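Take a look at the structure below.
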2 protein chains.
Amino acid sequence: MSRKRWRSVKEIRIADVARLAGVSTATVSRVLSDPDKVRQKTHDVVMEAVRRSGYTPNSTAQKLRTRRTMNVLVVAPRLTNPVFAEILRGVDDELTQSGYGIIIGNLDNRREREARYVDLALSRQVDGVLLLTGYIPEKGQRSMRDSGLPIVAMCAAIHEEGIPNVVVQDREATRHAVEYLARLGHRRFGYVSGTLGSIIEVERFAGFREGIAAAGFSQDDVVRWEGPFVFSTGVAAAEDFLKMKERPTGIFAACDESAIGFIKRVRAERVRVPQDVSVIGFDGIEFADYTEPTLTTFRQPLHELGRVGADVLSRLIRNEMKPEDWSVRLPLTLLERDTTGPVLHKDYKSLRRSAV
Amino acid sequence: MSRKRWRSVKEIRIADVARLAGVSTATVSRVLSDPDKVRQKTHDVVMEAVRRSGYTPNSTAQKLRTRRTMNVLVVAPRLTNPVFAEILRGVDDELTQSGYGIIIGNLDNRREREARYVDLALSRQVDGVLLLTGYIPEKGQRSMRDSGLPIVAMCAAIHEEGIPNVVVQDREATRHAVEYLARLGHRRFGYVSGTLGSIIEVERFAGFREGIAAAGFSQDDVVRWEGPFVFSTGVAAAEDFLKMKERPTGIFAACDESAIGFIKRVRAERVRVPQDVSVIGFDGIEFADYTEPTLTTFRQPLHELGRVGADVLSRLIRNEMKPEDWSVRLPLTLLERDTTGPVLHKDYKSLRRSAV
DNA sequence: TCGATTTTTGTAATCGATTACATCTTGCGT
DNA sequence: ACGCAAGATGTAATCGATTACAAAAATCGA
């Protein structure tokens with residue numbers, strides 16, 4: 001029976017190859033890692049032995065000796081959110097090029113899970129950490145940075161010494177969203193939040209408030225619905241929205257998923273989008289182009305974000321960071337699609353369609 | 001400046017703790033891994049030293065000595081497909097419980113990328129592999145199973161000695177899909193494929209053909225559109241569909257994304273779903289409940305699939321597999337939603353609404 | 001051809017844990 | 001108090017590579 005099949009595979013060590021080639025282990029090691037250091041003839045003999053024995057170096061032994069694991073940890077708040085999947089793709093594209101492995105840390109929106117991954121970092125299983133999460137620090141909680149490992153923050157900016165930031169311009173974009181809605185004639189606003197306690201949410205809401213102020217409105221003109229970055233948050237927000245007498249007409253959702261949930265729910269009650277209510281999302285996930293109507297949203301340069309973050313991390317690991325790269329803030333693109341439009345509500349006289 | 005901050009963190013080794021506690025390294029090791037083997041008093045002294053020094057064992061050294069990396073590799077065809085994200089969640093839930101780390105392998109739908117991950121396996125960076133991919137073997141290509149590592153196949157069944165299968169009943173479900181469409185009165189069928197060369201696609205198409213035959217139709221009544229498991233495959237299929245004179249009325253798409261792409265595209269041309277064409281998807285991703293109309297589809301038990309696969313793998317690693325678990329085939333659930341309905345086309349006289 | 005220099009190769013220490021085996025303690029019965 | 005078994009602890013080998021340093025071989029000029 002084959003139950004122990006893989007146990008029976010004989011492990012080939014560098015010493016076996018050395019013996020087979022009639023050289024020392026040092027020479028074999030050199031052939032494999034620094035071929036210029038050996039004679040061509042020796043090289044060929046060793047390579048032949050490697051080939052015939054099917055030798056592959058044991059990477060754990062290499063890691064121990066070289067003190068480099070060639071692994072990085074990527075901590076994401078939730079895997080099923082396409083935003084993180086897309087960022088991860090960028091990270092993957094950049095890092096596997098340079099031989100790094102990616103270990104994923106999935107919090108599934110539960111902050112307390114972070115502890116496991118702090119352990120991972122502390123036990124030196126990885127050379128660096130890419131944080132796609134970011135929470136407002138709680139005292140007493142052991143955090144990633146206690147590990148002393150190189151960290152790159154890719155949530156909204158963490159202003160902390162020694163931690164580079166690779167983020168998008170959330171705050172500016174959110175402010176811009178409000179201005180955009182205001183230009184369309186909206187006067188009462190709704191804000192569907194993201195995960196409370198997350199720095200991203202703090203930033204986006206701050207931008208939103210700035211926008212409200214800049215456009216000359218009072219914070220009282222704003223309704224805020226709270227919840228994590230998921231569909232159901234939008235649905236719940238919509239439930240509340242539907243109960244209101246004086247409904248807001250311009251809604252900003254801190255992520256596409258909740259925007260989509262919101263729209264789906266209100267449309268089920270014959271609220272028209274964008275005629276009765278305009279909705280603008282945030283992220284630019286692929287799916288947002290397949291909803292009906294297609295979602296107006298800010299597109300994050302997700303893949304690039306991942307690449308850049310990974311690049312910064314690998315430079316940080318190699319101690320090759322240039323000071324000007326310590327904070328990268330990528331711009332977002334407003335995708336004007338079909339869930340936003342001028343106010344048509346009876347309260348308002350001028351339709352200002354020209355303002356679109 | 002802090003550019004070298006993490007370099008200056010002094011690494012604490014087990015020897016340091018031993019010295020601090022006035023015991024040998026063996027004792028420290030025992031305290032940490034097998035506390036019953038030491039006297040209570042010694043235990044306390046050592047733990048205090050551990051605490052004060054902030055020691056965490058170097059996991060690379062542990063791995064080398066114990067020959068267990070406590071890492072598994074998960075190879076997925078494409079990260080941004082919510083199907084794999086969801087499976088990954090299940091895997092994560094199961095494996096991080098038992099202390100395993102997850103290294104991801106993302107093929108991004110490009111088969112040739114598999115080679116990198118074969119290297120990972122060969123160099124013993126992981127204790128086992130979870131294959132969410134599966135391609136029809138090509139000769140000469142070095143495959144995962146050459147690594148001799150425990151592997152669990154979670155794509156459609158790979159019938160190979162020593163490789164357990166944890167899969168869904170694709171074939172049955174697909175056959176069922178055809179029967180379902182046939183009962184609704186459909187007589188001409190469309191099949192939107194998944195990635196060619198993938199075993200999943202082979203299985204699903206086989207099931208489809210079986211269904212066609214079982215329902216008494218000829219394979220000539222079927223149009224097949226080819227492409228990978230992505231939105232645009234459905235869009236492209238729709239383009240072709242729109243050009244046809246005699247359009248199929250019952251469409252099966254091998255994944256929800258392409259089903260959604262298809263629907264979006266045909267609706268843009270005023271083709272009504274389900275009145276003009278019924279579409280049934282496969283996967284049951286969360287989005288499918290937010291499209292308009294909501295998508296009829298087969299729900300895969302994704303999270304459970306991940307958990308079970310991970311469980312089987314960890315048992316396989318520990319050599320605790322029971323023969324009856326070598327093939328697990330989870331059932332799918334048909335979610336009857338709004339993209340399927342009885343044929344209303346003028347060609348057919350009886351609407352057979354009762355057949356729904 | 002010889003010795004000095006450079007290049008190539010080998011020896012053995014090292015990375016940081018675990019663990020077999022040896023040795024030392026402790027507890028217990030008499 | 002003594003002897004012996006059981007329990008606790010220490011010593012040192014080990015996992016499988018890399019690499020500093022030493023030694024040997026090749027190269028070169030005179």
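Bear in mind the structure is a predicted one, so any value in this text is a computation, not a measurement. Below, read A as the first sequence line, B as the second, and so on, with proteins coming before strands; counting in each chain starts at 1.
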Quickly work out the [X] [atom1] to [N] [atom2] distance and round it to whole Å.
| X | N | atom1 | atom2 | value |
| --- | --- | --- | --- | --- |
| A/L32 | D/dT19 | CG | P | 13 Å |
| A/R67 | D/dA17 | CZ | P | 19 Å |
| B/Q62 | D/dG16 | CD | P | 17 Å |
| B/I12 | C/dG16 | CD1 | C1' | 13 Å |
| B/R19 | C/dG16 | CZ | P | 12 Å |
| B/D34 | D/dT9 | CG | C1' | 14 Å |
| A/R124 | C/dA17 | CZ | P | 11 Å |
| A/L122 | C/dA17 | CG | P | 13 Å |

Open item on the list: For nucleotides 4-14 of chain C, give me one character per nucleotide, 5' to 3': B if any protein heavy atom sits under 4.0 Å from the base, S if the only such contacts are to the sugar-phosphate, - if neither.
Closed with: ----SBBBBBB
Do [X] and [Y] have side-chain atoms, one donor and one acceptor, less than 3.5 Å apart?
| X | Y | value |
| --- | --- | --- |
| A/D93 | A/Q97 | no |
| B/S327 | B/N165 | no |
| A/N58 | A/Q62 | no |

Below 4.0 angstrom, N of the basic side chain to O of the carboxylate: do [X] and [Y] qualify?
| X | Y | result |
| --- | --- | --- |
| A/R307 | A/E304 | no |
| A/R67 | B/E11 | no |
| B/R116 | B/D119 | no |

Task: Of the listed nucleotides D/dT19, C/dA17, D/dG16, the one nearest the side chain of A/S29 - done: D/dT19
